[in-house]
A.B. asks: 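Structure in structure tokens, see below.
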Amino acid sequence: MSYSRTTDFDDHLPEQVHLIEDAESGFSGAIVVHSTALGPAAGGCRLWHYASHAELTGDALRLARAMSYKNALAGLPFGGGKAVLQRPQRDFDRAALFRLFGEHVQRLDGAYVTAEDVGTSVADMAVVRRRTVHVAGLEAEPGLAGGDPSAWTALGVFESLRAAVAVRLGRGLDGLTVAVQGAGHVGTHLCRLLAAEGARLFVADMDVARAQALAAETGARAFPASSILEADADVFAPCALGAVLDRTTIPRLRASVVVGAANNQLATEADGDLLRARDILYAPDYVVNAGGMINVAAEYLGESAAEVEARVCAIPARLHAIFDRALAENRATNRVADDMARAIIAQAQPKRLVAMAA
Ligand code: NAI
């Protein structure tokens, strides 16, 4: 049997969609295995409220594909997947939900590896672990990778920010102004790293007290969440929600570099073209925020924190390759990153299909 790379690898089609429906408890969700070409499909489990099951599944599909790209470009031996659970609007038995989820992960027999994501925690993953071994994001064991991944995510974003600023502005971090949107786990670590290098910070959060506390700690200026995009800063660092950059917000940006932790920062691929047209250098989100996933992958593989650090510190080199190619091809950086990730996955895909056919 022969396989052609281009016809066998349709990036928009996942390999598997596994639905979770439990009539007794009413719990529901979906696990999407987007690609196992590079290894087990790895990606976190999100707990969120969706208006419909179609909306939930659509989000899981989009997020799973982004995980394939993230893992491929991070050089990890993992494909991409994602789980999304419907957050009940009434009180619910959280442990029962995560036991059920663990049973479903186990049914996939290692094709999908889970971890925490928005709305889930290390404690939830400990419950999942009672039903399956295919889970990471648990408490770290001495000498090994594990635990809260946000400090690693922040380190990758920080080093990427340094690289992007050198390319676009030809300068270092001392005296640079950075507008940070989101004073949560990653935003907090990022502000500490930037403040230690002499950067001047604007910090905004929907939770004003959180922004004020971080500002007091790091010498930053607390900024209203509604206008952080328009802050007079060199760099905009989105570390809150996705889809913050679209055709209405991009014209408001005053920064000339965008580097942040949030997933899916661009509302659409074409928004990368809009940034480029404004000469704003965009560091693709899934490239720079891979530190957390690198930590989760190392935990699953039983690797050390030193190996995590080495992989996180390799992120800027990948970013430089993307910037160089985008410049050479006159294209937006997000489009170049997507092409590079797809090429890595497509190259591995025929091997997998041959193995399946054997
Ligand atoms: P978090 O939940 O700890 O912090 C997010 C913060 O953003 C919260 O303080 C929230 O109040 C604030 N926020 C929400 N909407 C806002 C708005 N419109 N304006 C200003 N602030 C707003 O989340 P975490 O872990 O810090 O992650 C931040 C982003 O990075 C998320 O998009 C997450 O998906 C992404 N990410 C996180 C990773 C990690 O290791 N934690 C890994 C990769 C991506």
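Order of listing sets the numbers, starting from 1, for every ligand and every atom in it. No hydrogens, no waters, no symmetry mates; every other heavy atom, side chains included, goes into these values.
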A.B. asks: Give me the residue, atom name and distance of the protein heavy atom closest to atom 43 (C) of ligand 1.
C.D. replies: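 So the nearest neighbour among protein heavy atoms is Asn289 O, 3.7 Å.
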A.B. asks: Quick one: which residue pairs count as a ring pair (Phe, Tyr, Trp, His ring centres under 6.0 Å) with a foot in residues 197-245, not counting sequence neighbours?
C.D. replies: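 Listed once each, the pairs are Phe202-Phe223.
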A.B. asks: Any nitrogen or oxygen of Arg46 lying under 3.5 Å from a nitrogen or oxygen in ligand 1? Just yes or no.
C.D. replies: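 Among all N and O atoms of Arg46, none is under 3.5 Å from an N or O of ligand 1.
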A.B. asks: Does ligand 1 come near enough to Asn263 that some N or O of the ligand is less than 3.5 Å from an N or O of the residue?
C.D. replies: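 Among all N and O atoms of Asn263, at least one is under 3.5 Å from an N or O of ligand 1.
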A.B. asks: Of all the non-hydrogen atoms in the protein, which one sits nearest to atom 11 (O) of ligand 1, and at what distance?
C.D. replies: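 Of every protein heavy atom, Asp205 OD1, 2.6 Å lies nearest to atom 11 (O) of ligand 1.
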A.B. asks: For atom 24 (P) of ligand 1, which candidate among Val157, Val186, Asn264 provides the closest heavy atom?
C.D. replies: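 Nearest option to atom 24 (P) of ligand 1, by heavy atoms: Val186.
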A.B. asks: Looking at atom 13 (N) of ligand 1, tell me if a protein heavy atom falls under 4.0 Å from it.
C.D. replies: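 Flag for atom 13 (N) of ligand 1 set to true, protein heavy atom closer than 4.0 Å.
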A.B. asks: Among all protein non-hydrogen atoms, which one is nearest to atom 4 (O) of ligand 1, and what is the separation to 0.1 Å?
C.D. replies: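 Result: Gly184 CA, 3.2 Å.
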A.B. asks: Of all heavy-atom pairs between Ala204 and Ala225, which one has the smallest distance, and what is that distance?
C.D. replies: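 Closest heavy-atom pair between Ala204 and Ala225: CB-CA, 3.8 Å.
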A.B. asks: Indicate yes or no: does an N/O atom of Met206 lie under 3.5 Å from an N/O atom of ligand 1?
C.D. replies: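 Looking only at distances, the answer is yes, because the N/O contact criterion of under 3.5 Å is met.
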A.B. asks: Within a strict 4.5 Å, meaning less than it, do heavy atoms of the Phe98 and Cys45 side chains meet?
C.D. replies: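 Phe98 reaches Cys45 side chain to side chain.
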A.B. asks: Tell me the closest heavy-atom pair linking His134 and Asp109, and the distance in Å.
C.D. replies: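 Scanning both residues completely, I find the closest heavy atoms to be NE2-C, 3.9 Å.
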A.B. asks: Taking side chain to side chain contact (heavy atoms under 4.5 Å, CB included) as the criterion, tell me which of Asp148, Val308, Val312 meets it with Asn295.
C.D. replies: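 Testing each of Asp148, Val308, Val312 against Asn295, the sole residue satisfying side chain to side chain contact (heavy atoms under 4.5 Å, CB included) is Val308.
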A.B. asks: Can you name the residues that form a side chain to side chain contact (heavy atoms under 4.5 Å, CB included) with Arg200, not counting sequence neighbours?
C.D. replies: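 For Arg200, the residues satisfying side chain to side chain contact (heavy atoms under 4.5 Å, CB included) (neighbours in sequence not counted) are Thr177.
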A.B. asks: Looking at Ala262, which atoms of ligand 1 are within less than 4.0 Å of one of its heavy atoms?
C.D. replies: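 In order of numbering, the contacting atoms are 29 (C), 30 (O), 32 (O), 35 (C).
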A.B. asks: Give the residue, atom name and distance (to 0.1 Å) of the protein heavy atom nearest atom 7 (O) of ligand 1.
C.D. replies: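 I find the closest protein heavy atom is Ala240 CB, 3.5 Å.
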A.B. asks: In the protein, what heavy atom is nearest to atom 39 (C) of ligand 1, and what distance, to one decimal place, separates them?
C.D. replies: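 For this ligand atom, the closest protein heavy atom is Thr153 OG1, 3.5 Å.
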A.B. asks: Among all protein non-hydrogen atoms, which one is nearest to atom 30 (O) of ligand 1, and what is the separation to 0.1 Å?
C.D. replies: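 Nearest neighbour among protein heavy atoms for atom 30 (O) of ligand 1, to 0.1 Å: Ala261 O, 3.3 Å.
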A.B. asks: Side chains of Asn263 and Lys70: closer than 4.5 Å at any heavy-atom pair?
C.D. replies: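 Sidechains of Lys70 and Asn263: in contact.
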A.B. asks: Would you call Val235 and Val258 a side-chain contact if the rule is heavy atoms closer than 4.5 Å?
C.D. replies: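 Not touching, per the 4.5 Å side-chain cut-off.
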A.B. asks: Hey, any chance Ile294 and Leu301 share a hydrophobic cluster, counting ILVMFWY side chains that come within less than 4.5 Å of each other, even indirectly?
C.D. replies: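 Result: yes, single cluster for both.
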A.B. asks: Verify the cluster assignment for Leu229 and Val203: are they in a single hydrophobic cluster under the rule of side-chain heavy atoms below 4.5 Å apart?
C.D. replies: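 No, no single cluster joins them.
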A.B. asks: To the nearest 0.1 Å, how far is atom 8 (C) of ligand 1 from its closest protein heavy atom, and which atom is that?
C.D. replies: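 Checking every protein heavy atom, the shortest distance to atom 8 (C) of ligand 1 gives Arg210 NH1, 3.3 Å.
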A.B. asks: Which residue supplies the protein heavy atom nearest to atom 5 (C) of ligand 1, what is that atom called, and how far is it?
C.D. replies: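 Closest protein heavy atom to atom 5 (C) of ligand 1: Cys239 O, 4.0 Å.
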A.B. asks: Does an N or O from Asp207, backbone or side chain, lie closer than 3.5 Å to an N or O of ligand 1?
C.D. replies: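 For ligand 1, there is no N or O atom that lies under 3.5 Å from one belonging to Asp207.
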